[in-house]
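All values below were derived from every heavy atom in this structure, side-chain atoms included, with hydrogens, water molecules and symmetry-related copies excluded. Since this is a predicted model, take the numbers as computed values, not measurements.
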Amino acid sequence: MDDRSASVTVCEDGPLLLRGPFTLRTQDGAVVDPGRATVALCRCGRSAIKPFCDGTHKAVGFQAPSAPTGERPLSSED
């Protein structure tokens, strides 16, 4: 990875960590100010500050591996 690319790290039982230069947008294209260079994005769906993680995954017992658990189906977009 070079210094000009973003990376996403999937945390076991936790959020997605997004690092590097990125633009976060709503589905309508509006830019969301992340407020920092590294952000944690919610995976559990329970955060009060979606799309950002607020740590609620710990309180609700969210569990998910950091690696895929099976084959990803092919789609016409791949």
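A heavy-atom distance below 4.5 Å is not found between the side chains of V31 and L24.
Residue T38 holds its OG1 atom at 8.0 Å from CG of L18, rounded to the nearest 0.5 Å. Atoms CZ and OG, from F22 and S7 in turn, are 10.0 Å apart once rounded to the nearest 0.5 Å. Here CG of L17 is found 8.5 Å from CG of L41. Values are rounded to the nearest 0.5 Å. Considering OG of S47 and CZ of F52, their distance stands at 9.5 Å, rounded to 0.5 Å.
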Tell me which donor-acceptor pairs under 3.5 Å the side chains of residues 55-67 have, and how far apart each pair is, sequence neighbours excluded?
from : atom 1 : to  : atom 2 : distance (Å)
T56  : OG1    : D54 : OD1    : 2.5
T56  : OG1    : D54 : OD2    : 3.2

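Of all heavy-atom pairs between P21 and A6, the closest is O-CB, 3.4 Å. Across all non-hydrogen atoms, the minimal contact from R46 to C42 is N-SG, 3.9 Å.
Residues satisfying the side-chain contact (heavy atoms from CB on, under 4.5 Å) criterion with R36, sequence neighbours excluded, are V39.
Between the R43 side chain and the G14 main chain, a donor and an acceptor come within less than 3.5 Å of each other. Remark: the backbone N or O of A30 is not paired with any side-chain donor or acceptor of D28 at under 3.5 angstrom.
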- Task: Let me see the working for L16 and T9 under side-chain contact (heavy atoms from CB on, under 4.5 Å), right down to the final yes or no.
- Result: CA-CA 6 Å; L16 301 172; T9 302; over 6 Å; no

